[in-house]
2 protein chains.
Amino acid sequence: MSSLPVEQLDRRMTAVERREAILDAASAVFGERGYFGATTDQVARAAGISQPYVVRMFGSKEALFLAVIERAKASLLQSFRAALADWRAQGAADGDPCEALGPAYLEMLRERGVHTSLMQAFMQGSDPAIGRAARDGFLEIWGFLRDEAGISPEAARGFLADGMLINVLAGLEMPRAATSSAAAAELLAATLGDKAALLPGA
Amino acid sequence: MSSLPVEQLDRRMTAVERREAILDAASAVFGERGYFGATTDQVARAAGISQPYVVRMFGSKEALFLAVIERAKASLLQSFRAALADWRAQGAADGDPCEALGPAYLEMLRERGVHTSLMQAFMQGSDPAIGRAARDGFLEIWGFLRDEAGISPEAARGFLADGMLINVLAGLEMPRAATSSAAAAELLAATLGDKAALLPGA
DNA sequence: GTCTATAATACGATAGAC
DNA sequence: GTCTATCGTATTATAGAC
């Protein structure tokens, strides 16, 4: 056994574990403040480690952000594929797949920063590296809806539009306004029903 | 007459004119890079003046950003009110007002940074001042759709969702991908038809 | 695997001249 | 009305110890 104090022993992780912990923290911080607004020090504090170690693990802030949105996109697609498979296994093959994908999208709101960090990336289209990754990621979702789920262009457009409104309400932290504003309450009810409680700010 | 060289005379404006010129430049820069990503120096260069003068005119970067999104929201509402009045003047009072507001929304894409700077604000809900202004602005649009245009909650939700998808495609600069990606071309066609040419990146 | 110390730079804001 | 010069600070990234 090592002679280090127990506290320090507990805090050491493998590189893989630490990497995941940093991605969790970075997802929340980038989702709230955006690529430029978030600092590697905020990510480090959220992850309970030092700022230089965050940079060391991913090489640069940009590489960390790209890893965050790559993981968010992968989570989303994995969740969609699982929901689609379940739905098909229940013999609903002639119905509307969006009825299975919509609830899956809302459930992902429990995982912090998935929707908002993707959305922050979507707003950086003019950045060479981030913009390309963001467009590719968005188009991968489009391709899933069209090719794997077999949804028509018009229905896929409607599904994505609903998703983008949900993302905006998450970015706005709209539940913060719902206690004092009847309009906010009505908007949240019309968009999310009782699932509005899953939004940031609730 | 002043004895200053003509070049300098031409470049001098009243405070009001200069204020508008700075807001135009700031709208484009904030729209592309977001509140934190944009620098007051980038705004200054785009406006053809010095960085300290930008700060002097608005007091702070935050005050400038708040002025940008306030003006963008006002432009949008003004455009909506005009379109609604025109539509009603043509005796279409029993149809769907969204058929008049949709085209008005797309026409605003010609004014640089309106959609994207608002969208960048919507993603800063956790910021005390910007978040409050963003939520209030969004709810003012909602109130217009519901109270002035008389649109149902469900239809207003659908209209906003379509708008948010358009904003995301603008933030992504999706036309950049349309030449090499059939999926991008299909997505743009399904969402905007031939109006996709108005998006940034086209 | 993780830290402290620090270098290098970029940025917002102020002071003051013209 | 507008500029130049500059201060103070925040931030990314590196070096090197343990």
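Naming: A, B, ... by sequence-line order, numbering from 1 per chain.
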Exercise. Which two nucleotides bound the region of DNA chain C that has atoms under 4.0 Å from heavy atoms of chain B, read 5' to 3'?
Worked result: C/dC11 to C/dG16

Problem set entry | Cation over ring face, A/Lys61 and A/Phe30, 6.0 Å, 45° | no

Exercise. Whole-Å distance between D/dT12 P and A/Tyr53 OH?
Worked result: 19 Å

Seminar exercise, completed: So the salt bridge (charged side-chain N to carboxylate O under 4.0 Å, His left out) pairs with at least one residue in residues 34-48 of chain B (sequence neighbours excluded) are B/Asp41-B/Arg45

For this session: Using side chain to side chain donor-acceptor pair (under 3.5 Å) as the criterion, list what pairs up with A/Gln78, not counting sequence neighbours.
Result: none

Exercise. With B/Phe36, which residues qualify under ring-ring contact (aromatic ring centres under 6.0 Å, His included), at least two apart?
Worked result: none

For this session: Could you tell me the separation between the CZ atom of B/Arg56 and the C1' atom of D/dT4, rounded to a whole number of Å?
Result: 12 Å

For this session: Kindly state each residue pair satisfying salt bridge (charged side-chain N to carboxylate O under 4.0 Å, His left out) with at least one member in residues 115-135 of chain B, sequence neighbours excluded.
Result: none

Exercise. What residues form a ring-ring contact (aromatic ring centres under 6.0 Å, His included) with A/Phe144, not counting sequence neighbours?
Worked result: A/Phe80

Exercise. Quick one: salt bridge (charged side-chain N to carboxylate O under 4.0 Å, His left out) pairs with a partner in residues 188-202 of chain B, sequence neighbours left out?
Worked result: none

Exercise. Taking DNA chain C as the partner, which of residues 61-72 of chain A come within under 4.0 angstrom of it by heavy atom?
Worked result: none

For this session: Give one of base, sugar-phosphate or nothing for B/Arg18, where a contact means two heavy atoms less than 4.0 Å apart.
Result: sugar-phosphate

Seminar exercise, completed: Contact check, residues 27-48 of chain B vs DNA chain D, heavy-atom distance under 4.0 Å, returns none

Exercise. Taking only residues at least two apart or on different chains, which pairs with a member in residues 164-188 of chain A satisfy salt bridge (charged side-chain N to carboxylate O under 4.0 Å, His left out)?
Worked result: A/Glu173-A/Arg176, A/Glu186-B/Arg146

Exercise. Excluding sequence neighbours, so at least two apart, what forms salt bridge (Lys or Arg N to Asp or Glu O under 4.0 Å) with A/Arg56?
Worked result: none

Seminar exercise, completed: Taken in chain and number order and not counting sequence neighbours, the residues that satisfy side chain to side chain donor-acceptor pair (under 3.5 Å) with A/Glu20 are A/Arg71

